[in-house]
Amino acid sequence: MNDQPDTAVVEMLVELACRAPSVHNSQPWRWTYSEHGLDLYTDTSRVLGVIDPTERQMVMSCGAALDHLEKAAAAFRWKTEIDLLPAPGTPDHLARIRLVHDAHPRSREFDMLSAINRRHSDRRAFGPVPTDRVLTRYLGRQHYGTEMTVLSAESKQTLARASTLSAGIRKFDATYQAEIRWWAGHSFRSGGIPPEALTNRADASRVQVGRAFPEPHRVGTVVPREPVEDESTVVLLGTPSDERLDWLNCGRAMSTFLLAATADGLATCPLTHMTEQAGSRRLVQSLAPHIGMAQVLIRVGTPMIGAPAPRTPRHAVASVLSAPARATNRRRS
């Protein structure tokens, strides 16, 4: 008997998966649905060739989308059976997902579904993590083969140096500057980071570990008063090695942490610029030598009072999913 979901269900799940964060909102994924299941591929036409020449961040972005899909499917009673890198010699084929209608969601799964709908990258300063929140409970010591370390407040000085080092190396790199200005600050219909989602120079200066984006050109910006300085906690995710499978699994772990923190009422912002350059990456790794290869940092804390920046746009599902014409589920016995 064939109990695969019909195309309408898959479209809904992929739409939720594509709300995952991606490097500069490039959304570098494509999906195909057939009798074999749902397949996830990278979309190499959307790789950031200067910022991400190894495709590491692209694959991590796809891993986050895969985890979003898993959690969305569970809430709708679909269990996911996943085969990672299923086609040797085809590195763009990241996963094959078989959906089985026998999941038994609990309240936690519905919390994750709600978090998918609410999560966004908040680039403003944060208040501190409340003392009753235990960040290690969101991910555990290891998840998907990825290890998490909660960095100390003192570590932020080293991170600030790593951020400054990364920005200094990139400052006079004309190709990098052109690429980041293309992806950040433009008003694409369905991609990139729009001006409204960026912070102005005054707000950005409060977050010493953030990536330096072009200052948005907009009128009527109000500089918030609290918190004056960023009091966020920074979490580091690392992997045993630096291969494609590590990147994919790190993206899945990142998604799990972001959604758990969102469900707990915290603001988050992933940071990858400090692991793009060898020098700044070594500085980051010095903070947790046991963690292996530093892949991504996440700022987490209490959200600033006031309305957050608007959500970044997403592609229409039809542009990222190839699937049969919508039809009801056909069962064969």
Side-chain angles (χ1 to χ4, degrees), residues 13-14 16-31 38-44 46-48 51-74 80 82-86 91-97 112 115-116 119-121 138-149 183 191 211 234-262 268-276 281 284 291-300 312 314-315 320:
L13 296 179
V14 168
L16 290 166
C18 292
R19 298 185 191 183
S22 60
V23 54
H24 298 338
N25 195 33
S26 54
Q27 303 169 63
W29 41 63
R30 57 188 178 90
W31 309 77
L38 179 63
D39 291 275
L40 170 62
Y41 298 84
T42 59
D43 182 351
T44 54
R46 303 187 70 79
V47 67
L48 282 67
I51 293 170
D52 185 31
T54 66
E55 301 184 354
R56 179 176 67 93
Q57 295 179 65
M58 178 179 68
V59 174
M60 285 177 56
S61 301
C62 291
L66 178 59
D67 184 72
H68 269 48
L69 181 97
E70 291 179 74
K71 289 177 170 53
T80 50
I82 299 175
D83 185 12
L84 299 178
L85 303 181
D92 292 341
H93 191 182
L94 298 181
R96 171 161 291 163
I97 306 104
M112 293 298 100
I116 288 174
R119 186 217 63 82
H120 68 283
S121 294
Y138 298 161
L139 196 62
R141 289 284 297 173
Q142 285 197 337
H143 197 76
Y144 295 131
T146 300
E147 187 166 351
M148 181 188 85
T149 294
W183 287 100
R211 187 192 289 268
V234 180
V235 169
L236 171 62
L237 301 185
T239 55
S241 56
D242 206 22
E243 304 297 332
R244 212 168 181 85
L245 182 60
D246 296 293
W247 305 338
L248 183 60
N249 278 326
C250 186
R252 298 168 76 192
M254 176 182 68
S255 165
T256 294
F257 182 91
L258 295 174
L259 293 178
T262 300
T268 59
C269 185
L271 303 168
T272 53
H273 66 290
M274 287 176 279
T275 56
E276 288 174 356
R281 196 179 196 184
V284 172
I291 207 167
M293 298 300 298
Q295 299 292 355
V296 63
L297 298 127
I298 304 171
R299 281 198 311 119
V300 57
T312 50
R314 293 295 189 268
H315 295 302
V320 297

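Using a 4.5 Å cut-off on side-chain heavy atoms (C-beta onward), Pro270 and Leu297 make no contact. In this structure the side chain of Arg281 never reaches within 4.5 angstrom of the side chain of Met274, judged on heavy atoms. Side-chain contact check for Leu40 versus Trp29: some heavy-atom pair is nearer than 4.5 Å. Residues Met148 and Ile291 have side chains not in contact (no heavy-atom distance under 4.5 Å, counting atoms from C-beta outward). Counting heavy atoms from C-beta on, the side chains of Trp31 and Leu69 come closer than 4.5 Å. Annotation: side chain of Arg30 is not in contact with side chain of Val14 (no heavy-atom distance under 4.5 Å). Put simply, the side chain of Val234 does not reach to within 4.5 Å of the side chain of Val300, judged on heavy atoms. A heavy-atom distance below 4.5 Å is found between the side chains of Cys18 and Val320.
Although no hydrogens or angles enter the test, the distance criterion places a donor-acceptor pair under 3.5 Å between the side chain of Gln27 and the main chain of His315. Judged purely by atom type and a 3.5 angstrom limit, Arg96 has no side-chain atom pairing as donor or acceptor with the backbone of Pro86. Within the 3.5 Å criterion, the main-chain N or O of Arg252 finds a donor-acceptor partner in the side chain of Thr256. When atom types are taken as modelled, the side chain of Arg119 and the backbone of Arg19 share a donor-acceptor pair closer than 3.5 angstrom. With Arg56 contributing its side chain and Trp247 its backbone, the two residues share no donor-acceptor pair below 3.5 Å. Using modelled atom types, one side-chain atom of Asp246 and one backbone atom of Glu243 make a donor-acceptor pair closer than 3.5 Å. Listed for the Thr42 side chain is no donor-acceptor partner under 3.5 Å among the backbone atoms of Thr44.
With rounding to the nearest 0.5 angstrom, the CG atom of Leu48 is 9.0 Å from the OG atom of Ser22. Expressed to the nearest 0.5 Å, how far OG1 of Thr54 lies from CG of Asp242 amounts to 7.0 Å. Between the OG1 atom of Thr146 and the CG atom of Leu139 there is a distance of 7.5 Å, given to the nearest 0.5 Å. We find the CG-CG distance between Leu271 and Leu236 to be 11.0 Å, quoted to the nearest 0.5 Å. The distance from atom CG of Leu16 to atom CE of Met112, rounded to the nearest 0.5 Å, is 13.5 Å. Annotation: the span from Asp67 atom CG to Ile82 atom CD1 amounts to 8.5 Å, rounded to 0.5 Å.
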Practice task
Apply side-chain contact (heavy atoms from CB on, under 4.5 Å) to Asp39 and Ile97, showing your working.
Solution key: CA-CA 6 Å; Asp39 291 275; Ile97 306 104; over 6 Å; no

Practice task
Verify side-chain contact (heavy atoms from CB on, under 4.5 Å) between Glu276 and Ile51, making sure each step is shown before the conclusion.
Solution key: CA-CA 7 Å; Glu276 288 174 356; Ile51 293 170; 3.2 Å; yes

Exercise for the section: In sequence, state the C-alpha distance, the side-chain angles, and the governing distance for Asp92 and Arg244, and then conclude on salt bridge (Lys or Arg N to Asp or Glu O under 4.0 Å). Expected result: CA-CA 10 Å; Asp92 292 341; Arg244 212 168 181 85; 3.7 Å; yes

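Taking each heavy atom of Cys250 and Leu237 in turn, the nearest pair found is SG-CB, 4.0 Å. The minimum heavy-atom distance between Thr268 and Ala261, with the atom names listed, is CG2-CB, 3.7 Å. Nearest heavy atom pair, residue Ala294 against residue Thr275, reads O-CG2, 3.8 Å. Of all heavy-atom pairs spanning Met254 and Pro21, the tightest one is CE-CG, 4.2 Å.
Evaluation of the ring pair (Phe, Tyr, Trp, His ring centres under 6.0 Å) rule for Tyr144 yields no partner, not counting sequence neighbours.
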Enumerate, atom names and distances included, each donor-acceptor pair closer than 3.5 Å involving a side-chain atom of residues 58-65, sequence neighbours excluded.
unit_1, atom_1, unit_2, atom_2, d
Ser61, OG, Val23, N, 3.1
Ser61, OG, Gln57, O, 2.7

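Here the rule is side-chain contact (heavy atoms from CB on, under 4.5 Å) with Leu66, and of Thr80, Leu94, Leu84 only Leu84 fits it.
Ring pair His93/Tyr41 is parallel by interplanar angle, where below 30° counts as parallel and above 60° as perpendicular.
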